[in-house]
Amino acid sequence: MDCETIQPFCLALAAVIYSERAEAQYIMTDQPDRLPAMRHSLAHIMATAIQRLWPEAKFGVGPVVESGFYYDVDLGEAKVSEEDFNKIEAEMHKIIADDVPFERFEKPIDEAIAWAQASRQPYKEELLNDLKRAGTTVAKDLDADELGTITEGGVAQIEKVSFYKNADFTDLCRGPHVESTGKVGAFKLMRVAGAYWRGNEKNPQMQRLYGVAFATSAELQQHLDMLEQAKKRDHRKLGQELDLFVISDLVGPGLPIFTPRGTVLRNELIKFSEELQREGGYEAVWAPHMTRTELYKISGHYDKYPERFDVSSVESDDTFMMKPMNCPHVTQIYASRPRSYRDLPLRYMETTTMYRDEKSGELHGLSRVRALTQDDSHAFVRQDQIEDEVRNILGMVKQMYLTLDMPLSVDLSVRDDNDNYFGDPKLWQEAQNILQRIAREEELDYRVEPGEAAFYGPKIDIYVSDALGRRWQCATVQLDFVMPERFQLEYVDEHSEKQRPAMVHKTILGSIERFLSVYIEHTAGRFPIWMAPEQVRVITVNQEEATLNFAHGILEQAKKLAVRLGVDNSNESVGKKIRAAELAKIPYVIVAGDKEIRTQQVVPRIRKDMVVIDAPVTLGIEEFLKTVANEAKARILKTSL
RNA sequence: GCCACCUUAGCUCAGUUGGCUAGAGCGCCGCUUUCGUAAAGCGGAGGUCAUCGGUUCGAUUCCGAUAGGUGGCUCCA
């Protein structure tokens, strides 16, 4: 394209963007619900297009999600693939161009059911029957908005349900929608995925078509650009570029191996976590990585979780397994001798690797692996010590994430009506009350998640987000009255009576692997001094002996001060070696040549994100190295050079 | 495990609508150069086009299976 053709094209584009911006502003200020309505309307338009292309399509639900919408469809033997997106989008654009109105109307519930039968929409029929019977549909993962429910006043009051019709497509739906199909903004179909009907693995699997949608094409483009940026900081990509870990087919999926650089990250994190725990009164313990399966039959995990690695023994009749967690092991330390109320709390920590046979499709880089290392701990406490211990732990968690400069979000994971939980419901209620009170008093910004508790107790789960905004659980504090019961743990109180302790489980980082995956994306590989695998790189200007000796001398000094320093004396230009150091995201780079040898001073080049002052600083070599060592020790985020 | 898609050199990617010795950049190795804060020059090595099977005169290309991966679903002690 030459200049003459490109310029008018750009001007036209600019004009479009400008007018769309103006419209977007109007929407933002006057109608805050406009965007969800647009997205929801697009879900209907997509369904309309699909119905035209596949007249036999059966529809599930099609709600609004973050950044867009989806619709679940069942095409029987036919399957949608991403290659079909062009023709679906083309059909959608036709519907949008037609600009037909969305018409709302109501039907009595029985008529609605008849409609679903007549139009051969079994999934809609099932939803309607549930609505009729229970007044709501009680399936996880279903958005009530999608179901045409009008449930104010509670259960079993549904008489009428609402429908929306656009052109030849009619759908059970509560709305709201935009006025007509022409008013839906900019969209793009993204991908197709399998999704079980009503989120249940035992149900048939439908195809879920995802789209992103925004009020204007500029915003849509911005979103797509953001996804591109996020790809660049994907921990799997950076892990390879920065030489942090490898995943080998020979070793197996979900079993990452850490390089020297990656191992520095792991060890620094573990060191920090253990420091915090030691301050909090925790003592290190250690257990082997395999155990008799009997231990897990008693704990109750054996039957609950089939995802284990069994280990067979040639010599004995016993069966063994890799440990999938640590709590049952630690109970045996407690149980090894009689305990007095004076001994409590007993606090044990262990940073150790455990093994879970995750289903293949669930593995994901470092986020979800089959060998995971936890900074785990277990405190055995009296009833009256629970609260202090939970606060003790929350203090550690706060300090960790404050130092790392990572925002947290908190779930209070409690039980639901399900009978999958072990233990006395009264104790459960008590435990949940304690956690909720603490969450409130500690001013955590939490939300309550029923059904998310462990089978042995409620939890405070703490999440951090990756580059795409996906939440990953890292820290957790869990109350447990079940393990002590199952392993018959006791202590003797001041009246010589036998009592049962409670257990408080916790992790600060959670799985080190998962934490690293999020942290690598959070920092885009620009690690703070205390974690940086290579804190300083010395770049030699030439290969002369005096220069090499000088660089070697700096390396020896760095070793004494425990500064991680590398020397690049390769036969390349200084510019190229600087570039390599920048790409490796080394915090401090010093160039070593005749000038430095003469003055015995260096001018550290500071990684851009760490610069707090502009002027270059000249320092003596030892002074510089000591500053680096101190910054690492203090775990500061930015440089003070 | 389920659905859709992907797999070409160490990395990032071209390419072959089924046809002789499969290409580039970076990286690596060698030589020249001895250089001052984001890429010096020249040369070289490196690929059974994931694996196995089928169709075909002929497969890296088409089909199937397997393995690994990507995005979801389910699960996550």
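Chain naming here is simple, since letters A, B, ... match the order of the sequence lines and numbering starts at 1 in each.
Between U60(B) and C20(B), the distance separating the two P atoms is 11 Å to the nearest Å. Going from the P atom of G30(B) to that of U21(B) covers 32 Å, rounded to whole Å. Comparing the P positions of U7(B) and G64(B) gives a spacing of 15 Å, expressed to the nearest Å. To the nearest whole angstrom, the two C1' atoms, one in U16(B) and one in U32(B), are 39 Å apart. Rounded to the nearest Å, the gap between the C1' atom of G68(B) and that of G25(B) is 26 Å. For the P atom pair drawn from G19(B) and A50(B), the interatomic distance equals 16 Å after rounding to whole Å. Nucleotides C63(B) and G46(B) are separated by 33 Å at their P atoms, to the nearest Å.
Geometric assessment of Arg208(A) against the ring of Tyr70(A) yields a positive cation-pi assignment under the 6.0 Å and 45° thresholds.
Rounding to whole angstrom units, CZ of residue Arg579(A) and C1' of C35(B) are separated by 18 Å. Distance Arg368(A) CZ to G68(B) C1': 18 Å, rounded to the nearest Å. Atom CG in Asp243(A) sits roughly 16 Å away from atom P in G27(B) (whole-Å rounding). The distance between atom CE of Met206(A) and atom P of U74(B), rounded to the nearest whole Å, is 14 Å. One can place CD of Glu452(A) at 11 Å from C1' of C75(B), the figure rounded to the nearest angstrom. A77(B) atom P lies 19 Å from atom OH of Tyr355(A), rounded to whole Å. Rounded to whole angstrom, the span from the CG atom of Asn203(A) across to the C1' atom of C3(B) amounts to 15 Å. The separation between Leu189(A) atom CG and G72(B) atom P is 16 Å, rounded to whole Å.
A salt bridge links Glu582(A) with Lys608(A); the closest basic N to acidic carboxylate O contact falls under 4.0 Å. Ion pairing of Asp234(A) with Lys232(A) is absent here, as no side-chain N (NZ or NE/NH1/NH2) approaches a carboxylate O to less than 4.0 Å. In summary, Glu201(A) and Lys359(A) engage in a salt bridge, as defined by a charged side-chain N under 4.0 Å from a carboxylate O. Checked for salt-bridge contact, Glu449(A) and Arg447(A) meet the test: a charged N lies under 4.0 Å from a carboxylate O.
Here Lys595(A) does not reach the OP1 or OP2 of U37(B): none of its side-chain N or O atoms lies under 4.0 Å away. At G71(B), one or more side-chain N or O atoms of Arg236(A) fall inside 4.0 Å of OP1 or OP2 (strictly under the cut-off). Taking side-chain N and O atoms only, His364(A) has no distance below 4.0 Å to OP1 or OP2 of G69(B). An OP1 or OP2 oxygen of C3(B) is reached within less than 4.0 angstrom by no side-chain nitrogen or oxygen of Arg191(A). Applying the 4.0 Å criterion to OP1 and OP2 of A40(B), one finds that Ser573(A) has a side-chain N or O inside that range.
Looking at Gln207(A), its side chain does come within 3.5 Å of a backbone N or O of Val80(A) through a donor-acceptor pair.
Comparing A4(B), U74(B), A38(B) by their closest approach to the side chain of Glu201(A) singles out U74(B). In this structure, the nucleotide among C76(B), U34(B), C73(B) sitting nearest to the side chain of Tyr196(A) is C73(B). Set against C73(B), A77(B), A4(B), the side chain of Arg208(A) has C73(B) as its closest nucleotide. Of the candidate nucleotides U12(B), C35(B), A4(B), A4(B) has the atom lying nearest to any side-chain atom of Val192(A). Here A38(B) is the nucleotide among A38(B), G1(B), C3(B) with the atom lying nearest to any side-chain atom of Arg605(A). In this structure, the nucleotide among A77(B), G72(B), U37(B) sitting nearest to the side chain of Lys459(A) is A77(B). For Arg356(A), counting side-chain heavy atoms from C-beta on, the closest listed nucleotide (C75(B), A77(B), G72(B)) is A77(B). For Gln478(A), the listed nucleotide lying nearest its side chain is A77(B); candidates were A77(B), G71(B), A39(B). Closest to the Glu307(A) side chain, of the nucleotides C3(B), C35(B), C75(B), is C75(B). Among the nucleotides C73(B), C35(B), A38(B), the one closest to any side-chain atom of Ala195(A) is C73(B).
When heavy atoms are screened at a 4.0 angstrom cut-off, Glu544(A) is found touching the sugar-phosphate backbone but no base atom. Within the 4.0 angstrom heavy-atom criterion, only backbone atoms of the sugar-phosphate kind lie near Val574(A); the bases stay farther away. When heavy atoms are screened at a 4.0 angstrom cut-off, Phe455(A) is found touching no nucleic acid atom at all. Among the protein residues, Gln374(A) comes within range of no part of the nucleic acid, since none of its heavy atoms lies under 4.0 Å from any strand. Within 4.0 Å (heavy atoms only), Asn200(A) reaches no atom of the nucleic acid at all. Backbone-only contact: Lys576(A) has heavy atoms under 4.0 Å from sugar-phosphate atoms and none from a base. Nucleic acid contact class of Gly575(A) (heavy atoms, under 4.0 Å, all strands): sugar-phosphate only. Residue contacts for Val80(A): at a heavy-atom cut-off of 4.0 Å it reaches the sugar-phosphate backbone alone, with no base atom in range. When heavy atoms are screened at a 4.0 angstrom cut-off, Pro253(A) is found touching the sugar-phosphate backbone but no base atom. Across all strands shown, Gln207(A) has heavy atoms under 4.0 Å from sugar-phosphate atoms exclusively, and none from any base. Here Lys231(A) lies out of heavy-atom contact (under 4.0 Å) with every strand.
For the pair Tyr305(A) and A77(B), the ring geometry qualifies as stacking, because the centroid separation is below 5.5 Å while the planes lie within an angle under 30°.
Searching all strands for a Watson-Crick or G-U wobble partner of C52(B) with both distances below 3.5 Å returns G64(B). Under the Watson-Crick or G-U wobble criterion, with both distances below 3.5 Å, U37(B) is left unpaired in every strand shown. Of all nucleotides present, none satisfies the Watson-Crick or G-U wobble test against A45(B) with each distance under 3.5 Å. Pair assignment for A4(B) gives U70(B), based on Watson-Crick or G-U wobble hydrogen-bonding distances that are each under 3.5 Å.
The aromatic rings of Tyr519(A) and Phe527(A) lie parallel to each other, with less than 30° between the two planes, well short of the 60° mark. Using a 30° and 60° split on the angle between ring planes, Phe624(A) and Tyr588(A) fall in the perpendicular class, above 60°.
With Tyr71(A) as the partner, the ring-ring contact (aromatic ring centres under 6.0 Å, His included) test is satisfied by one option alone out of Tyr210(A), Tyr123(A), Phe59(A): Phe59(A).
At a cut-off of 3.5 angstrom, the base of U34(B) holds no donor-acceptor pair with the side chain of Asp594(A).
Taking the six-membered ring where the residue is Trp, the centroids of Tyr296(A) and Tyr305(A) are separated by 6.0 Å or more.
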